[in-house]
Amino acid sequence: MSIKLVNLKGTKDYLPEEQYLRNKIRFTLEEVFKSYGFRPLETPILCFMDVLSSKYAGGAEILKEIYQLSDQGQRELALRYDLTVPFARVIGMNPQLRLPFKRYEIGKVFRDGPVKTGRMREFMQCDVDIAGASSMMAEAEFILMVLDIFDKFGLDVYVSYNNRKLLSGILQCLQIPDPKINNVILSLDKLEKIGPEGVRQEIEALQLQDDMIERIFNLYDNKQIDLDYFSDNFPNSLVKEGINELKELNEYLLEVDALDKTRFNPFLARGLDIYTGTVFEVFLTDGAISSSIAAGGRYDKIIGGFLDDGKEYPAVGISFGLDVIYNALSMKKEFKNNRSEIDFYIIPLGTNKESLRLASLLRKNGWSVDIDMTGRRLKKSLDYANKEKIPYVIIYGEDELKSGIIKFKDMEKGEEKSLSLQDIPQELKRFLPKN
RNA sequence: GUGGGUGUAGCUCAGUUGGUUAGAGCGCCAGGUUGUGGCCCUGGAGGCCGUGGGUUCGAGUCCCAUCACUCACCCCA
């Protein structure tokens with residue numbers, strides 16, 4: 001009986017065509033991360049369960065989604081479900097690290113949760129965080145970095161942002177009972193997604209007093225909404241703090257000409273317990289993908305709470321969804337029908353040894369070279385090169401061996417040129433300059 | 001977790017009111033005489049018709065169950 005070849009639900013193989021673009025995305029991300037002074041960090045996927053599950057503000061929900069396992073020593077282990085806990089652990093284990101500590105990590109994380117499109121159980125997370133910075137300069141740099149990155153990808157995006165202090169403070173002012181504040185925030189966060197009517201239904205289901213609901217929606221209906229409006233109408237220390245932070249951030253954004261790419265959205269909330277201040281989400285301007293393609297915010301309490309060492313670790317972070325970016329890019333036509341990464345395909349016709357030597361020579365000169373090793377007919381090999389979208393083919397047969405002149409074929413144009421074997425690297429550079 | 005949809009070749013799908021050897025296109029491999037691709041022609045490999053029961057002389061087709069995938073809500077980055 002044969003084994004049934006299947007992947008685990010929520011996992012998948014990324015075949016070369018797809019993986020090529022994924023690698024490119026990853027490379028671009030890393031390049032920009034580095035240019036903003038973030039340094040690479042890699043942490044183990046395999047963790048101790050008690051470290052992963054201790055005192056983390058993620059709450060009990062995420063704990064259910066942790067993959068658990070044990071080793072031969074009966075230790076209770078788990079697969080990491082995000083990159084923030086490992087980040088905090090590294091800070092705790094390395095007190096000599098100078099703050100602010102800026103790192104990025106790109107790696108796989110695992111969640112045993114529901115699977116749907118764009119949501120796997122094993123997936124890539126690209127996190128960039130800075131610990132030890134309380135200034136809004138951190139947020140400004142992150143937003144700037146986001147814009148740089150999507151500019152490189154050629155994707156038109158805007159950054160929606162808010163401050164959690166503002167939203168919570170307003171709701172406090174409205175006398176909404178504490179236990180329900182979170183629910184209201186969650187509903188308001190869906191304004192863009194399900195519209196005001198949907199949100200109204202959800203909030204009405206919370207059985208708040210009617211005048212509270214009306215006041216909430218008055219806010220939404222008021223087009224003139226700005227920071228001064230909030231500070232005038234909601235005298236509350238939290239609101240004030242939030243507004244000051246937003247104002248500081250706005251000044252920075254103005255200075256770096258990023259205001260036209262950012263939108264203040266007073267109802268943006270994001271995941272509940274983690275964020276303490278600024279929150280932001282990145283969306284495609286054309287709305288081709290409705291969910292956010294990157295998101296982050298400030299979480300000043302998490303690392304300190306996790307380490308419990310009496311110190312404070314104000315932190316800001318952002319997470320990029322590799323798969324979402326992939327989806328966005330693959331919708332653009334210039335990313336379809338990508339030519340092969342292979343520059344030349346050598347077809348030996350009774351010249352295996354010499355062809356190997358030629359391949360080696362070309363590779364030393366910086367090209368990617370593939371070579372036929374099946375000995376199949378010439379037309380089959382040409383067809384293969386054609387289907388693989390390899391741009392150039394070199395035909396190296398016995399005639400060429402004798403004359404020292406090989407045939408060099410442009411697969412797209414169909415043109416064929418004769419080139420002297422002696423100075424082939426120089427000749428080929430004229431057709432396909434390497435950078 | 002709730003509700004809907006779909007399961008037939010590697011992929012996209014046909015498959016009449018139940019009827020005998022299960023189909024197409026694409027892809028893959030090979031051939032259409034010696035070393036020239038993209039088109040065309042021919043052939044080949046590849047299916048327990050998701051799985052298990054039931055109805056029937058007979059089930060890919062009808063019924064039940066189950067599993068998987070998928071979409072929408074719920075929840076969650």
Side-chain angles (χ1 to χ4, degrees), chain A residues 1-2 4-13 15 17 56-66 81-85 109-121 123-127 182-183 186-187 189-190 193-194 198 201-202 205 268-275 279-282 290-297 299 317-324 337 345 347-351 372 374-403 406-418:
Chain A
M1 84 181 189
S2 63
K4 207 173 165 194
L5 264 22
V6 285
N7 277 327
L8 221 53
K9 186 190 178 101
T11 69
K12 70 170 287 194
D13 299 313
L15 264 31
E17 206 169 326
Y56 181 61
E61 283 299 318
I62 192 85
L63 296 182
K64 288 185 203 153
E65 299 195 354
I66 297 179
Y81 61 88
D82 78 355
L83 299 174
T84 308
V85 173
V109 301
F110 303 80
R111 287 184 202 179
D112 188 4
V115 168
K116 44 185 170 176
T117 39
R119 213 169 154 196
M120 298 275 109
R121 286 184 176 163
F123 60 100
M124 276 292 211
Q125 197 155 317
C126 315
D127 272 24
N182 281 351
N183 292 321
L186 260 191
S187 294
D189 191 43
K190 292 183 200 157
K193 200 172 155 194
I194 61 177
Q201 281 178 20
E202 283 199 19
L268 181 73
R270 310 216 341 97
L272 262 188
D273 297 320
I274 299 175
Y275 295 102
V279 289
F280 49 88
E281 284 196 65
V282 185
S290 58
S291 57
S292 62
I293 55 179
Y299 51 101
I318 184 169
S319 185
F320 292 82
L322 189 72
D323 299 286
V324 195
N337 277 334
Y345 189 62
I347 305 176
L349 298 165
T351 62
D372 175 72
T374 66
R376 85 233 297 184
R377 297 189 177 213
L378 178 57
K379 64 191 313 186
K380 296 285 181 195
S381 286
L382 286 171
D383 192 36
Y384 174 82
N386 190 42
K387 285 181 173 147
E388 287 290 319
K389 300 189 183 94
I390 300 170
Y392 302 102
V393 158
I394 291 168
I395 299 169
Y396 195 176
E398 280 154 2
D399 297 347
E400 286 79 8
L401 188 57
K402 276 181 209 146
S403 63
I406 54 100
K407 299 249 181 71
F408 167 75
K409 182 160 189 157
D410 181 324
M411 290 301 280
E412 200 184 331
K413 293 181 187 156
E415 290 169 4
E416 204 168 89
K417 287 192 163 60
S418 294

Checking Asp383(A) against Lys387(A) for the salt bridge (charged side-chain N to carboxylate O under 4.0 Å, His left out) test, could you report, in this order, the C-alpha distance in whole Å, the side-chain angles of both residues, the deciding distance, and whether it holds?
CA-CA 6 Å; Asp383(A) 192 36; Lys387(A) 285 181 173 147; 3.1 Å; yes

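Under the Watson-Crick or G-U wobble criterion, with both distances below 3.5 Å, G23(B) is paired with C13(B). Pairing for C28(B) goes to G44(B), judged as Watson-Crick or G-U wobble with the two contacts each under 3.5 Å. With a cut-off of 3.5 Å on both Watson-Crick or G-U wobble distances, the partner of U66(B) is given as G50(B). Look at A72(B): its Watson-Crick or wobble partner, with both distances under 3.5 angstrom, is U2(B).
Relative to the side chain of Glu400(A), the nucleotides G38(B), G35(B), U70(B) differ in distance, and G35(B) lies closest. Listed nucleotides: A77(B), G37(B), U70(B). Nearest to the side chain of Val115(A): U70(B). Considering only side-chain atoms of Met411(A), the nucleotide from G37(B), C29(B), G35(B) that sits closest is G37(B). Distances were taken from every side-chain heavy atom of Lys379(A) (C-beta onward) to each of C29(B), G35(B), G37(B); the shortest belongs to G37(B). The side chain of Asp399(A) has G35(B) as its nearest neighbour among G35(B), G37(B), A77(B). Closest approach to the Lys407(A) side chain among G35(B), U70(B), G37(B) is made by G35(B) (side chain taken as heavy atoms from C-beta onward).
Counting any heavy atom pair closer than 4.0 Å across all strands shown, Glu398(A) reaches a base atom. In this structure, Ile347(A) reaches neither bases nor backbone, as no heavy-atom distance under 4.0 Å exists between it and the strands shown. Using a 4.0 Å heavy-atom distance criterion, Ala295(A) is classed as a base contact. The residue Lys9(A) sits close only to the backbone: its heavy atoms come under 4.0 Å of sugar-phosphate atoms, none of a base. No engagement by Ser381(A) is indicated, since no non-hydrogen atom pair under 4.0 Å with the nucleic acid exists. Here Gly321(A) lies out of heavy-atom contact (under 4.0 Å) with every strand. Gly397(A) comes within contact range of at least one nucleobase, with a heavy-atom separation under 4.0 Å.
Between the CG atom of Leu15(A) and the C1' atom of G27(B) there is a distance of 14 Å, given to the nearest Å. Atom NZ of Lys387(A) is separated from atom P of C29(B) by 7 Å (rounded to the nearest Å). Going from atom CG of Leu349(A) over to atom C1' of U36(B) covers 10 Å, rounded to whole Å. For the pair Asp82(A) CG and A77(B) P, the computed distance is 10 Å after rounding to whole Å. Whole-Å rounding puts the Leu378(A) CG to U33(B) C1' distance at 15 Å. Atom CZ in Arg376(A) sits roughly 12 Å away from atom C1' in G37(B) (whole-Å rounding). For the pair Asp372(A) CG and G35(B) P, the computed distance is 13 Å after rounding to whole Å. If you measure from atom CG of Asp410(A) to atom P of G37(B), you get 15 Å, rounded to the nearest angstrom.
One P atom belongs to C64(B), the other to A24(B), and the distance between them is 33 Å to the nearest Å. Atom name P, nucleotides A22(B) and G46(B): the rounded distance is 14 Å, in whole Å. Here, G60(B) and U16(B) have their C1' atoms 13 Å apart, quoted to the whole Å. A distance of about 30 Å separates the C1' atoms of U8(B) and U2(B), rounded to the whole Å. Rounded to a whole angstrom, the distance from the P atom of U55(B) to that of U61(B) is 15 Å. Rounded to a whole angstrom, the distance from the P atom of A72(B) to that of C11(B) is 23 Å. With P as the reference atom, C39(B) and U20(B) are 36 Å apart, rounded to whole Å. Rounded to whole Å, the C1' atom of C62(B) lies 16 Å from the corresponding atom of G15(B).
A residue-by-residue look at Leu8(A) and Gln125(A) shows that Leu8(A) has its nearest nucleotide of RNA chain B further toward the 5' end. Residues Gly414(A) and Met120(A) each lie close to RNA chain B; by heavy-atom proximity, the contact nearer the 5' end of the strand is made by Gly414(A).
Looking at every heavy atom in both residues, Thr351(A) comes nearest to Tyr396(A) through OG1-O, 2.7 Å. Nearest heavy-atom pair, Val393(A) versus Ala385(A), reported as atom, atom and distance to 0.1 Å: CG2-CB, 3.6 Å.
For Glu281(A) and A77(B), a side-chain-to-base donor-acceptor distance below 3.5 Å is present, hydrogens and geometry of angles not being considered. No hydrogens or angles were tested; on distance alone, a donor-acceptor pair under 3.5 Å links the side chain of Ser292(A) to the base of A77(B). Asn386(A) contributes a side-chain N or O that forms a donor-acceptor pair with the base of G37(B) under 3.5 Å.
Using cut-offs of 30° and 60° for the angle between ring planes, the Tyr299(A) and Tyr275(A) rings count as perpendicular.
Residue Glu416(A) places its CD atom among more than 12 non-hydrogen atoms of other residues, nucleotides or ligands, all under 6.0 Å distant.
Side-chain nitrogen and oxygen atoms of Lys380(A) include none within less than 4.0 Å of the OP1 or OP2 phosphate oxygen of U36(B). For the OP1/OP2 pair of A30(B) and a distance below 4.0 Å, the side-chain nitrogens and oxygens of Arg377(A) include no atom meeting the criterion.
A donor-acceptor pair under 3.5 Å is formed between the side chain of Arg111(A) and the backbone N or O of Tyr81(A). In this structure a side-chain-to-backbone donor-acceptor pair under 3.5 Å is missing from Asp13(A) to Leu15(A). One N or O on the side chain of Asp372(A) and one on the backbone of Gly375(A) form a donor-acceptor pair closer than 3.5 Å.
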